[in-house]
Amino acid sequence: MYPRHEGSGLLVLAFLAGLQIAAECRGTTPCRPGFSEDVYKVVVPDIAEKGQPLFNVRFLDCGRSGLVRLECSNPADFRIEADGVVYAARSLQPSTLPASPLLIKASDSTTQEQWVTQVRLTPAAASSQQVQEVAVPPVMSKDSKEIVFPSRHTDSTLKRVKRDWVIPPINVPENSRGPFPQELVRIRSDNDKNRSLRYSVTGPGADQPPTGIFIIDPISGELSVNKPLDREHISNFHLRAHAVDLNGNQVENPIDIVINVIDMNDNRPEFTHQIWNGSVPEGSKPGTFVMTVTSVDKDDPKTNNGMLRYKILSQNPESPTSNMFTINNQTGGIITVAAGLDREKVPQYTLIIQATDMEGNPMYGLSNTATALIRVTDVNDNPPEFTAETFFGEVPENRVNVIVANLTVTDKDQPNTPAWNAVYKITGGDPTGRFSVPTDPTTNEGLVTVVKPIDYEISRTYVLTVEARNEVPLARGIHSPRQSTATVSIRVIDVNESPYFEPNPKLTKLEEGMMPESTLTTFTAQDP
Ligand SMILES: *[C@@H]1O[C@H](CO)[C@@H](O)[C@H](O)[C@H]1NC(C)=O
Ligand SMILES: *[C@@H]1O[C@H](CO)[C@@H](O)[C@H](O)[C@H]1NC(C)=O
Ligand SMILES: *[C@@H]1O[C@H](CO)[C@@H](O)[C@H](O)[C@H]1NC(C)=O
Ligand SMILES: *[C@@H]1O[C@H](CO)[C@@H](O)[C@H](O)[C@H]1NC(C)=O
């Protein structure tokens, strides 16, 4: 059970983890490829020369040999061969060992499947003190711990807290591939020396639902786990262990046993929405907040397995630059990093966002992607501009409410918004206020309209100056160009007016006793 490789000279290496021969495909159970362990614990020699074999991992390939490729996370320090043997890629000393676990990845290029295992490295010199502290699942370290019922006479390593005994929790990794039952720990009473005892465990996971996960050999006291555990389903178990004699008499006070399920990275980050909608005003300064995207991972957030990092994979269009936005890799907050957002050029950006666990490690983390749609909203950064410098019109004299000329403007801002709608103002050439220029709400044209009658005999032409603006002021830094002012030249048309009497009707008095043929009044007509 404990492979021991002997290298030349100093090399002594031991597998505390204990490489278990991976379960072979038996009966109808389909063969599941994978590493024989999710975590290997390895003691490496204090000084290893370059090229020295250090340890090996075992990958159960279910007959795909040759298709599965093995890689190390620190290729500068370690080299792995196809048979799973790991060599020192340079001379190694305890001080130069990587602090974080070594990760080994297996990938099948034909199916895109990947498997990752961790290798915890301990230098041989340090191993004697440190080994117990590292969170090694006891299922692996089979110099098996015993849990002894506390006895009044024995000075056990267990600490007394009030009346209860505190027993260190047992750590069991989830998703173990077996074979089952897998022994965890042996429970013993010192009273077994002069009499036969029977051991049992109770509680959820043992005799209460979900039953049968943990079993104990009643005679030897070996406590085993009988099936793979799922931390995302149940993260810990609280069992009670009992010892009785053959007559069923309790010979020890029951003890509490806590079993913690150790997380493995068996869940991919999931975005809470597939499409995220955000917006940002055009012309925003770099550093403007746009939106936040969120992804969740069911794995333990206190471990790397549940620690996510966000990243922008692509931006479309890549205009005016390919990096208009950046994402806070921990919060998922998206902000602008470049100037030049212009709705009139790019009204919307599409970002592909990726969340990766294992703190974003691209080689070992599991990833998922989502889409962020960023709408660039309009601001009034374009003034209305007349399509001509001068417009012409004609008006018959003495008519009101006639449209004399239509002034057309263009405005690049979003149609039918206050940043597009034009407002016209006569700034010159109309001292007597004979014209006004309302806006046609559908075409945005300025309708030069006569509001007071015009007399040809008084003025034959008008030359108006008209200014166009938007309903809202222009954005800061944008100035109204010359094209926002136009001249309107209006010719007044003479109308052949008929002569008229004045006054009309004319009041005349007929006095009593007037002589025939005497004059009553005189009618006078005029012709303009
Ligand atoms: C068994 O041994 C323990 C101490 O070793 C002693 O206290 C106890 O009385 C013994 N019991 C029997 C049934 O002999
Ligand atoms: C964004 O908009 C799309 C369609 O317009 C919708 O399907 C999606 O649910 C929206 N996303 C959010 C987070 O509201
Ligand atoms: C996350 O961002 C921080 C600060 O910008 C940076 O130091 C770190 O390297 C980034 N991590 C990843 C995984 O991208
Ligand atoms: C001006 O516009 C009005 C309404 O949009 C239209 O009825 C009229 O014919 C136009 N006149 C000229 C001179 O284009």
Asker: If you measure only the distance, is there a donor-acceptor pair under 3.5 Å linking the side chains of Asp38 and Gln118?
Answerer: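 Note: Asp38 and Gln118 side chains miss the donor-acceptor criterion.
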Asker: Supply the atom-to-atom distance Thr371 OG1 to Asn277 CG, rounded to the nearest 0.5 angstrom.
Answerer: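 CG of Asn277 is found 10.0 Å from OG1 of Thr371.
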Asker: Would a distance-only check, ignoring hydrogens and angles, find a side-chain to backbone donor-acceptor pair under 3.5 Å from Asp378 to Asp413?
Answerer: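 Not at all, since once roles are kept as given, no pair shorter than 3.5 Å links the two residues.
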Asker: What's the spacing between Asn267 CG and Asp230 CG if we round to 0.5 Å?
Answerer: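 Taking CG in Asn267 and CG in Asp230, the distance rounds to 7.5 Å.
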Asker: Considering residues, nucleotides and ligands other than Arg375, do more than 12 of their heavy atoms fall under 6.0 Å from its CZ?
Answerer: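 Atom CZ in Arg375 is not crowded, with 12 or fewer foreign heavy atoms closer than 6.0 Å.
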Asker: In terms of side-chain heavy atoms, does Asn305 have a donor or acceptor partner in Asp263 at a distance below 3.5 Å?
Answerer: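 Indeed, the side chains of Asn305 and Asp263 share at least one donor-acceptor pair under 3.5 Å.
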Asker: Atom CG of Asn265 and atom CG of Asp300: how far apart are they, to the nearest 0.5 Å?
Answerer: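 Those atoms lie 11.0 Å apart.
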Asker: If we ignore hydrogens and angles and just use 3.5 Å, is the side chain of Arg177 paired with the main-chain N or O of Phe35 as donor and acceptor?
Answerer: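 Between the backbone of Phe35 and the side chain of Arg177 there is a qualifying donor-acceptor contact (under 3.5 Å).
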Asker: Side chains of Ser176 and Gln182: do they bring a donor and an acceptor to under 3.5 Å?
Answerer: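 Yes.
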Asker: Hey, mind stepping through Gln315 and Thr350 against side-chain contact (heavy atoms from CB on, under 4.5 Å) and telling me if it holds?
Answerer: CA-CA 6 Å; Gln315 169 196 311; Thr350 304; over 6 Å; no
Asker: Less than 4.5 Å apart, side chain to side chain, heavy atoms only: is that true for Ile170 and Ile257?
Answerer: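 Yes. Closest side-chain heavy atoms under 4.5 Å.
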Asker: Between Thr321 and Asn323, is any side-chain donor less than 3.5 angstrom from a side-chain acceptor?
Answerer: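 No donor-acceptor contact under 3.5 Å links the two side chains.
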Asker: State, without any angle test, whether Gln354 and Asn368 hold a side-chain donor-acceptor pair at a distance under 3.5 Å.
Answerer: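 Gln354 vs Asn368: no donor-acceptor pair found between side chains.
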Asker: How long is the gap from CG on Leu70 to OG1 on Thr117, to the nearest 0.5 Å?
Answerer: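 Answer for the CG-OG1 pair, Leu70 versus Thr117, is 11.0 Å.
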Asker: Give a yes or no on whether Lys412 atom NZ has more than 12 heavy-atom contacts from other residues, nucleotides or ligands under 6.0 Å away.
Answerer: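 No - once you tally the heavy atoms of other residues, nucleotides and ligands closer than 6.0 Å, there are 12 at most.
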Asker: Using the benzene-type ring in the case of Trp, are the ring centres of Phe325 and Tyr349 under 6.0 Å apart?
Answerer: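 Yes - the distance between ring centres of Phe325 and Tyr349 falls below the 6.0 Å cut-off.
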Asker: Could you verify whether a donor N or O on one side chain and an acceptor N or O on the other, from Ser189 and Glu252, lie under 3.5 Å apart?
Answerer: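 Yes - a donor-acceptor pair under 3.5 Å links their side chains.
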Asker: Among Thr369, Leu366, Asp299, whose side chain to side chain contact (heavy atoms under 4.5 Å, CB included) with Pro269 holds?
Answerer: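 Of all the options given, the one that passes is Leu366.
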Asker: Taking atom CZ of Arg90 as the centre, does the number of heavy atoms from other residues, nucleotides or ligands within less than 6.0 Å exceed 12?
Answerer: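 Atom CZ in Arg90 is crowded, with more than 12 foreign heavy atoms closer than 6.0 Å.
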Asker: Tell me whether Tyr310 contacts the main-chain N or O of Ile334 through its side chain, where contact means a donor paired with an acceptor under 3.5 Å.
Answerer: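 Judged by distance alone, no pair lies under 3.5 Å.
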Asker: According to the interplanar angle, ranging from 0 to 90°, do the rings of Phe149 and Tyr199 count as parallel (below 30°), tilted (30 to 60°) or perpendicular (above 60°)?
Answerer: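 Taking Tyr199 first and then Phe149, their aromatic rings lie parallel (interplane angle under 30°).
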Asker: Under the side-chain contact (heavy atoms from CB on, under 4.5 Å) criterion, do Ile216 and Leu223 qualify, and how do the steps go?
Answerer: CA-CA 4 Å; Ile216 191 165; Leu223 177 67; 4.2 Å; yes
Asker: Please confirm whether the backbone N or O of Thr272 pairs with a side-chain atom of Glu270, one donor and one acceptor, at under 3.5 Å?
Answerer: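 A pair under 3.5 Å: no.
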